Structure formats: C-alpha cells, structure tokens
Amino acid sequence: MTRRSGRIDGNTQELDQALRAAKRPGAPHPARMTDPGMPEAEGLYDPRHEKDSCGVGFVADIKNRKSHTMIEHGLSILANLDHRGAVGADPKAGDGCGMLIQIPHRFFAEECAKLGFTLPGPGRYAVAQYFLPRDPEARARAEKIIEDTIRAEGQSVLGWRDVPVDNSDLGESVLPTEPCHRQVLIGRAADIANEEEFERRLFILRKVISNTIYRSVERAKAGVYPVSVSCRTIVYKGMLLATQLGGYFKDLTDPRVESALALVHQRFSTNTFPTWQLAHPYRMVAHNGEINTLRGNLNWMAARQASVDSDNFGSEIAKLWPISYEGQSDTACFDNALEFLVRGGYSLAHAVMMLIPEAWAGNPLMSEERRAFYEYHAALMEPWDGPAAIAFTDGLQIGATLDRNGLRPARYFVTKDDLVVMASEMGVLPFPENEIVKKWRLQPGRMLLVDLQEGRIVSDEEMKAKMAVANPYKEWLKRTQIVLEDLRPVEPRASRTDVSLLDRQKAFGYTQEDTKLLMAPMAVTGQEAVGSMGTDTPPSVLSNKAKLLYTYFKQNFAQVTNPPIDPIREELVMSLVSFIGPRPNIFDLEGNSRRKRLEVRQPILTNAD
C-alpha cells in the first residue's frame with residue numbers, strides 16, 4: 001500500500017464515505033467516456049488500464065518573440081522524436097502526435113476576413129478546435145449544441161472555419177477514423193475584465209458543451225471532442241506519424257502562423273490502442289510516462305465534488321462535474337486536474353507542485369518553509385505519482401518537471417539567441433556548440449520554468465522559495481494538523497493472557513508460511529524476505545479460508561520497465577505519511593480551515609496508538 005507520493009491514502013472508509021456523498025441524490029455522477037477508437041471492456045481487457053510512454057519536447061523564445069521559425073523548430077523536434085513512436089501492420093498508422101502553439105492572431109484575422117467576419121484584438125476572442133463527426137447530420141446537431149451553449153453562457157459566436165487538411169498520406173486503417181476538423185471563433189463578452197477571467201469562462205463553457213452532448217448522445221457514438229478551447233493557445237494533433245503532422249495540417253506550414261513556443265509530443269502507446277483523441281498535447285500538458293496512482297487520484301477527485309467550493313467559480317462550479325470522464329487516459333485526467341486548479345486560482349507552477357511534489361518527507365536539506373508548503377498541500381491534493389516527464393504551458397509560461405524518482409529522461413539547453421529547447425533526449429534540434437550557453441538535464445522533482453512575460457528562466461530554487469513563503473504554511477499546519485507521533489504517550493491496554501499465541505494466530509489468519517518464511521527474516525535481519533516461487537493458492541477473495549486483510553490487495557506494477565520501489569530502500573523519495581480526517585477545501589487559498597485532521601507517519605497502528 002505504499003506509493004511514491006509523500007503519503008499513503010489508506011483510509012478507504014473515509015474515501016468510501018466521500019464517494020457516496022458525491023453520488024448522493026442531486027450530485028453529479030461520473031460519466032462513462034469510452035474513446036470511440038477503443039474496444040469496450042471485455043474479459044481481462046479494460047481501457048482504464050491503458051498507458052503510454054512517449055517522446056516529448058518544446059522550444060520557446062524566452063523573450064516571447066513570435067515567428068514561424070518556432071513552428072518549424074517544433075516540427076523538426078517532432079521528426080527527430082519519430083523513433084519514440086511506433087507503427088502497426090499498416091506502416092502509416094502511428095500512435096499519434098501533435099503540437100501546441102500560441103494563437104497566431106494575424107493569421108486568424110486574415111483567414112476570418114476571407115470568411116466574412118472580423119476578429120477583435122488578441123485576447124478578446126478564443127479559438128475552439130474540435131474533432132466533429134463526418135456525418136453531416138450528426139455534425140450539424142453537434143454544431144448547433146456548441147453554438148447554443150456559447151450564447152447561453154454569455155459569449156458570442158463570431159464564425160466557423162474549416163481546418164484545411166491533406167489526408168492523402170494517411171494510412172488505410174487511419175482514414176476511416178479521421179474526424180472532421182473545424183474551429184469556432186468565440187467572442188469575449190463585454191463584462192469579462194481580462195484574459196484570465198475569459199480562460200475561466202471558456203473552461204466552464206467547454207465542460208457545459210461536452211456534458212450537454214454526452215447526455216444526448218452516447219459518447220462513443222458522438223464523435224465530438226474539444227481539442228482545445230482557449231484565447232491563448234491552440235492544439236493541432238491526431239493519429240499521425242511525426243513526419244505527417246506538418247503536411248496534414250496545412251496551417252502549420254503557413255508562414256503567417258507564428259508563435260513564441262511550440263510544445264510537441266510523439267506518442268508510444270504501450271499495450272494500448274492509438275486514437276485521434278489520445279494523441280498529445282492535451283490542453284496544458286504533454287507527458288512521457290504514466291500515472292501509477294490514477295485510480296486513487298480519480299476517486300478522490302470525484303469525492304471532492306460534494307465539498308469543494310471556489311470564489312472564482314462560485315455557483316457555476318457544479319457545471320464542471322465530472323472533472324474527468326471515466327475511461328479517459330492518465331494524461332488526459334492529469335491535464336483536467338491541472339486546468340481545474342489553474343482556473344480555480346492557483347498559478348501554473350503552484351498547481352504543478354501540488355500534483356507532482358518533490359520528495360519532501362525524507363529530505364534533511366529542505367528548508368522548513370518548503371517542507372511546510374508540501375506537507376500542507378499533501379492534505380489538499382494527493383500526488384499524481386509515477387514515472388513521468390511532464391511539459392506544461394498556459395501560453396504565458398512553459399516548463400517541465402520530472403517525478404521525484406527521475407525515472408524518465410529530459411534534457412534542455414539555452415542558446416545565445418534566448419531559445420530554450422527541452423526534449424526527452426539531446427540532438428532533436430541541432431545547434432552549433434558555440435551558440436549554446438547552457439545545457440543540463442531535468443533532475444528528479446525539479447522544475448524548469450520559462451516565463452515569457454518576464455522574459456527569463458525562473459530557477460527551481462527561486463520559484464519554490466517564493467512559493468514556500470507566500471503564505472504562513474507552518475502556522476496553518478499547527479492550526480489544523482495533529483501528528484500522532486507527537487502526542488503524549490499513553491499506556492496501552494494489556495494483551496490477553498488467557499488465549500495462547502497459536503490460537504490468536506489462527507484467529508487472525510496467520511499461516512506457517514507467514515511466520516516462518518515472511519515474518520522470521522524480517523524480525524531477524526530487518527529486511528523483507530525475497531523469493532521467486534510462484535503461488536498456487538487461490539486469491540483471497542475466492543478462498544474459503546480466512547485470510548489477512550492485506551492479502552486482498554496486490555501491488556499494481558507499471559506496464560513498462562519500472563523497477564519496484566519500497567519505502568526502506570528508497571526512503572529519500574518515499575513516505576508512508578497518511579492523513580485521517582476531513583479534507584480541507586482544495587480552493588482554500590487563504591488557509592481559513594479550522595477542522596482538525598490526524599497525520600500518521602506510517603500505516604501500522606500499535607495498541608498505544
């Protein structure tokens with residue numbers, strides 16, 4: 001039951017109660033969302049277990065200078081990450097790839113003028129990129145729902161644009177799955193003060209559109225997917241080979257398409273089915289690796305629906321549920337959680353630190369302020385943990401971070417011309433050595449952050465030190481947290497003497513194998529016994545004999561090559577800390593909670609505890 005997350009969520013009764021509260025009458029239910037490119041769950045196969053391991057990279061101009069050269073650089077990085085993808089029996093059927101860029105205003109202004117409508121200035125409109133069904137009637141129904149919802153949410157429909165594509169190079173197995181690509185241009189309402197508020201309104205709008213469509217049409221048959229809906233960024237992606245992206249989406253080869261950043265991703269779907277929707281980037285992230293704690297993360301996100309409250313969302317927060325649809329990939333769910341936190345009031349870097357915290361519990365060199373920051377947020381948000389290199393952006397900042405174990409590679413360099421190139425490996429974008437002023441690798445738990453507005457790279461130490469002292473987290477902890485190990489010791493109740501040890505062992509389901517082969521080596525050497533024998537005993541849930549509680553649970557191993565890790569050998573990056581009691585409101589940005597919760601440093605409680 002351990003996890004590399006700074007804590008363990010072993011309180012299943014608390015989670016059960018929270019989930020039941022989230023499903024009470026009137027509360028929203030998680031929607032079943034099966035990707036139309038995937039088969040339904042059958043036998044031992046379940047699409048929820050799909051993972052991927054990929055190549056990710058970005059190039060950014062630190063000074064926020066927009067140019068078409070950045071698009072070309074992004075396509076070059078993607079082409080050089082081609083070996084990190086795969087193809088099927090059809091050599092032109094890949095796992096998918098994509099690119100996220102800033103919205104090129106001049107390009108869209110000229111294109112929309114040709115279509116007969118005028119765009120307002122940058123930031124006063126949004127581009128919603130959609131996958132739509134190819135059937136004209138189904139597409140018309142979806143577009144009507146989209147337009148009606150945009151107007152109902154107080155925004156305006158400026159017009160539609162067909163995304164020009166060239167599908168002549170698509171594989172024979174890919175062509176039948178190709179969606180219709182269309183963009184709807186959305187005008188900002190007059191009462192919206194700034195871009196940040198507009199992005200929040202667009203987030204709500206997108207969720208309302210999706211929920212409306214998925215209530216009226218089974219999602220697997222709807223064929224509707226919002227690729228991106230933003231006033232800052234736009235995503236071009238699909239079930240394409242890395243070398244096909246620029247040729248397929250003609251916009252990307254138009255010299256008027258300019259950006260100061262390009263985030264690219266080549267997907268390698270490990271034991272999974274490639275689809276158009278599962279291609280990266282998503283709306284804020286691209287990811288190499290997998291989230292091993294996904295099941296618990298989704299359960300806790302669903303449980304929060306009953307108690308979360310936000311000043312930024314107000315009563316409209318109910319429109320956002322579910323944050324993640326059942327059946328989405330691990331990266332899609334992570335992207336949803338990150339967007340939820342950012343639109344709810346957290347800065348981009350703050351939200352990433354909450355979701356992927358560095359190792360804090362066993363690090364003696366970490367400052368008390370930073371440790372208090374992580375300990376406080378551990379009760380707010382359970383870490384999304386696993387081997388991961390994640391690149392993220394909101395169009396104003398772009399960055400990357402590694403999981404606390406550093407189990408995925410990522411390297412970067414900076415040039416004299418203020419370009420930053422980060423990728424899963426070096427060599428994806430060749431530059432002469434005399435033009436490179438710095439090169440390094442992402443370290444476990446560390447973050448690379450490029451602030452395009454400030455025109456500089458914000459160091460990991462500076463950024464995290466600023467976060468740690470932004471609020472009095474140590475005081476908030478003292479007010480709300482009770483640490484079991486710090487309480488006054490009490491005399492435990494004496495053990496019974498009228499029942500023999502053997503009878504008690506039998507009553508609690510211990511076997512000779514447990515005592516001789518498992519417990520004796522632990523007592524004598526302090527180490528867990530290691531063996532390679534198989535087991536022919538039935539699973540506990542099917543056995544007619546009484547079994548210990550822990551035998552009902554088995555560790556979930558990653559689908560790709562990750563070593564097993566335990567809290568003894570990896571104490572620097574693992575912790576058994578657990579929280580018992582009421583969870584604070586995730587959007588309590590000012591530490592107003594007064595409800596107490598108990599912190600225990602390990603999951604085994606003694607009689608004295």
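If you're wondering where the values come from, they're calculated on a predicted model, not measured in any experiment. Only this structure's heavy atoms are used, side chains among them; waters, hydrogens and symmetry mates stay out.
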Minimum heavy-atom separation for W276 to K237, with atom names? O-CE, 4.1 Å
For a side-chain contact (heavy atoms from CB on, under 4.5 Å) check, start with the C-alpha distance between Q481 and F579, then their side-chain angles and the critical distance, and finish with the verdict. CA-CA 9 Å; Q481 216 128 291; F579 297 95; 3.2 Å; yes
So, the side chain of Q602 versus the backbone of I604: is there a donor-acceptor pair under 3.5 Å, distance only? yes
N/O donor-acceptor pair under 3.5 Å between R200 side chain and R343 backbone: yes
When rounded to the nearest 0.5 angstrom, what distance separates OG in S329 from CD in E290? 12.0 Å
Which label fits F313 and F203: parallel for a plane angle under 30°, tilted from 30 to 60°, or perpendicular past 60°? tilted
Inter-residue atom distance L484.CG - S578.OG, 0.5 Å rounding: 10.5 Å
Side chain of T275, backbone of L278: donor and acceptor closer than 3.5 Å? yes
Only one of V184, V229, I234 forms a side-chain contact (heavy atoms from CB on, under 4.5 Å) with Q129, so which one is it? I234
Counting C-beta onward and ignoring hydrogens, is there a side-chain heavy-atom pair between Y130 and V224 closer than 4.5 Å? yes
May I ask you to decide if N592's main-chain N or O and R594's side chain share a donor-acceptor pair within less than 3.5 Å? yes
How close do N363 and R371 get, counting heavy atoms only, and between which atoms? O-NH2, 3.0 Å
Between R597 and E599, is a salt bridge (Lys or Arg N to Asp or Glu O under 4.0 Å) present by the stated rule, with each step listed? CA-CA 7 Å; R597 56 188 172 273; E599 177 183 326; over 6 Å; no
Closest contact, heavy atoms only, L205 versus T149: CD1-O, 3.7 Å
N/O donor-acceptor pair under 3.5 Å between S540 side chain and T551 backbone: yes
For Y282, which of L338, V235, D335, L100 qualifies under side-chain contact (heavy atoms from CB on, under 4.5 Å)? D335
Under 3.5 Å, is there a donor-acceptor pair between the side chain of S424 and the main chain of V56? yes
Sub-4.5 Å side-chain heavy-atom contact between L477 and E375: yes
Would you mind reporting whether E316 and R201 have side-chain heavy atoms less than 4.5 Å apart? yes
Indicate yes or no: at least one non-hydrogen side-chain atom of D403 is less than 4.5 angstrom from one of W384. no
Using only heavy-atom distances, determine whether the side chains of N211 and Y325 contain a donor-acceptor pair under 3.5 Å. yes
State, to 0.1 Å, how close A391 and M422 come at their nearest heavy-atom pair, and which atoms those are. CB-CE, 4.1 Å
Check this for me, if you would: do E339 and K207 make a salt bridge, where the nitrogen-to-carboxylate-oxygen distance has to be below 4.0 angstrom? no
Is the backbone of Y473 close enough, under 3.5 Å, to the side chain of N471 for a donor and an acceptor to pair up by distance? no
Checking L341 against I586 for the side-chain contact (heavy atoms from CB on, under 4.5 Å) test, could you report, in this order, the C-alpha distance in whole Å, the side-chain angles of both residues, the deciding distance, and whether it holds? CA-CA 9 Å; L341 293 178; I586 194 174; 3.5 Å; yes
Between Y374 and M353, does a side-chain contact (heavy atoms from CB on, under 4.5 Å) hold up when you go through it step by step? CA-CA 8 Å; Y374 284 119; M353 288 171 66; 3.5 Å; yes
Do Q102 and R232 touch side chain to side chain, with heavy atoms closer than 4.5 Å? no
According to the interplanar angle, ranging from 0 to 90°, do the rings of F373 and H377 count as parallel (below 30°), tilted (30 to 60°) or perpendicular (above 60°)? tilted
Worked check of salt bridge (Lys or Arg N to Asp or Glu O under 4.0 Å) between R304 and E382: CA-CA 12 Å; R304 283 194 183 91; E382 58 290 335; 2.7 Å; yes
Point-to-point distance, once rounded to the nearest 0.5 Å, from CG of L589 to CG of N312: 7.5 Å
Within the structure provided, determine whether V308 and W321 are in side-chain contact (heavy-atom separation under 4.5 Å). yes
Is there a side-chain contact between C54 and H265, using heavy atoms and a 4.5 Å cut-off? yes
Report yes if some heavy atom in the side chain of F392 is under 4.5 Å from a heavy atom in the side chain of F58; otherwise report no. no
Quick one: pull up CG in L402 and CD in Q443 and give me the separation to the nearest 0.5 Å. 9.0 Å
Any sub-3.5 Å donor-acceptor pair from D330's side-chain atoms to I291's backbone N or O? yes
Interatomic distance, CG@L348 vs CG@D394, rounded to 0.5 Å, equals 5.0 Å
Looking at every heavy atom in both L442 and M447, which two are closest together, and how far apart are they? CD2-C, 4.4 Å
If you count heavy atoms of other groups shown closer than 6.0 angstrom to CZ of R595, is the number above 12? no
Test side-chain contact (heavy atoms from CB on, under 4.5 Å) on L261 and V450 and set out the steps. CA-CA 10 Å; L261 61 87; V450 183; over 6 Å; no
Do you know which two heavy atoms are closest between S310 and G344, and how far apart they sit? OG-O, 4.1 Å
Is there a donor-acceptor pair closer than 3.5 Å between any side-chain N or O of T401 and the backbone N or O of R446? yes
Within a radius of less than 6.0 Å around CD of E590, do more than 12 heavy atoms belonging to other residues, nucleotides or ligands occur? no
Let me confirm one number: the CG-OG distance from D588 to S593, rounded to the nearest 0.5 Å. 6.0 Å
F334: which of N297, L294, I356 passes side-chain contact (heavy atoms from CB on, under 4.5 Å): I356
